[in-house]
Amino acid sequence: MRPIAARIHLSAFRHNLAVVRRHAPKSRVWAVVKADAYGHGLKRAVRALDAEGLALLELEGALALRAAGERRPMLLLEGFFSARELPAFAEHDLTPVVHSLDQVSMLEKARLDSRLGVYLKANTGMNRLGLNPAEFRGALARLQACRSVAGVTLMTHFADTEGGTRMRDQCVIFDAASAGSRLPRSLANSAAILRCPEAHGDWVRPGIMLYGCSPFADASAESLGLKPAMTLVSEIIAVRELAAGDSVGYGWTFTAPAPMRIGVVACGYADGYPRHAPTGTPIVVAGKRTRTVGRVSMDMLFVDLSGIANASVGSNVILWGEHVSADEVAAAAGTVSYELLCGLGGRVPVSEI
Ligand SMILES: *Cc1c(COP(=O)(O)O)cnc(C)c1O
């Protein structure tokens, strides 16, 4: 069997959720499990995450969880896409995010068997989803008068990924839009949970930190006390000796400056390893940190075995997870750990430890 595997550490979910609770002790937690729990497997993550609620995008995923007996509140982060979906929200007690006046109108026209709790989303600068401050109060009044709506929670989402003053600016806009209302609030993603206590509100919405990665470019997950929930491992399947001047891989982008040993690892971009990871991307071979060399191909990549004399065919390789974080690999490849985790290749076997 091809030696690549993703190992999911269930204990890391518990540990990382405890970190969320330490930072936001007064808030309830929506565990964000969109994108198949950031590539970790929806059902497995939901089982391991003892949060008060679950937040995701896909109605199908929410219905599958309900069918499997999941009873916790579920927040659908893009709400409903057509009025036809509303009866399913009512029947299965799902909470939609309402981010547009179109959705408000659909709720007003709906005739549902039970009333829905809804989240009304304000656009406070991200300019993706949400009502602008000028529309927000009017939409809130309409929802409060709507017979299909049981209760409203106010929410927004931060564009700032550094947790600095711009996040506080968005809080000020949110406070102004919702002034006078005593309704429950939900603002904080991982970055705000870690760096913006005034944004914690009644419900926080951690995603990436539950999976043990950092939302920040300037702070490692380890420094934030987080543990990686996924370790992607494989093995060396060939070893070669290069002479000075020999080049490696497609496009010969790496040339050995002196005689050296390299290893070929059974992992490529079809497994979810970023093709843009350049020579020098950190990787662990036989317990030692080293670097990739040359271009990542679909099924394989190359590692520098200089200084790892005991490395041979069959040696363990850690692509990301313990000892080399997905954040580091992502940074080298010009992306973020979010993309690596949720881009794990469908052909990679996943197991729990
Ligand atoms: C994805 C998402 C989150 C979680 O964000 P992280 O940065 O992963 O913590 C929270 N809220 C909304 C609306 C989201 O779409």
Side-chain angles (χ1 to χ4, degrees), residues 12-13 16-17 19-21 23-24 27-40 42 45-46 49 51-59 61-62 73-81 94-100 103 118-131 153-164 166-167 170-171 174 184-196 199-219 221 224-226 228-230 325-327 330 335-343:
F13 287 122
N16 297 331
L17 181 59
V19 176
V20 171
R21 294 203 190 279
H23 281 271
S27 308
R28 280 176 282 174
V29 178
W30 290 112
V32 178
V33 293
K34 61 190 178 188
D36 200 28
Y38 290 46
H40 294 65
L42 179 61
V46 158
L49 283 164
E52 286 84 356
L54 306 167
L56 67 173
L57 282 95
E58 307 85 358
L59 181 57
M74 288 190 209
L75 179 64
L76 281 281
L77 291 167
E78 292 178 352
F80 45 92
F81 301 90
L94 307 176
T95 304
V97 168
V98 173
H99 59 79
S100 72
Q103 288 175 317
V118 304
Y119 269 48
L120 179 62
K121 185 168 191 175
N123 170 31
T124 53
M126 175 84 166
N127 286 312
R128 194 174 61 178
L129 295 183
L131 292 146
T153 299
L154 307 182
M155 79 176 282
T156 192
H157 190 57
F158 293 111
D160 179 20
T161 56
E162 282 151 30
R166 302 194 57 201
M167 198 169 257
Q170 284 191 259
C171 286
F174 183 70
R185 289 160 188 242
S186 176
L187 297 80
N189 56 5
S190 299
I193 289 165
L194 292 164
R195 288 194 178 160
C196 193
H200 287 170
D202 300 273
W203 284 86
V204 293
R205 305 189 307 269
I208 196 71
M209 69 185 289
L210 293 176
Y211 305 100
C213 289
S214 171
F216 306 122
D218 66 0
L224 299 169
L226 301 169
M230 180 195 294
S325 69
D327 294 314
T335 183
V336 288
S337 54
Y338 298 73
E339 189 180 12
L340 301 195
L341 298 179
C342 66

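Order of appearance sets the numbers: ligands from 1, and atoms from 1 within every ligand.
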Under 3.5 Å, side chain of [X] to main-chain N/O of [Y], donor-acceptor pair present?
X      : Y      : value
Ser190 : Met209 : yes
Thr156 : Leu187 : no
Asn123 : Gly125 : yes

What does the N/O contact table under 3.5 Å look like for ligand 1?
unit_1	atom_1	unit_2	atom_2	d
ligand 1	7 (O)	Tyr338	OH	2.7
ligand 1	8 (O)	Tyr38	OH	2.6
ligand 1	8 (O)	Ile208	N	2.8
ligand 1	9 (O)	Ser190	N	2.9
ligand 1	9 (O)	Ser190	OG	2.5
ligand 1	9 (O)	Gly207	N	2.9
ligand 1	11 (N)	His157	ND1	3.4
ligand 1	11 (N)	Arg205	NE	2.9
ligand 1	11 (N)	Arg205	NH2	3.4
ligand 1	15 (O)	Lys34	NZ	2.6

Q. After noting the C-alpha distance and the side-chain angles of Arg205 and His157, does the key distance pass the side chain to side chain donor-acceptor pair (under 3.5 Å) rule?
A. CA-CA 10 Å; Arg205 305 189 307 269; His157 190 57; 3.3 Å; yes
Q) Can you name the salt bridge (Lys or Arg N to Asp or Glu O under 4.0 Å) partners of Glu52, sequence neighbours left out? A) Arg21
Q. Does atom CD of Glu58 have more than 12 heavy-atom neighbours, drawn from other residues, nucleotides or ligands, at distances under 6.0 Å?
A. yes
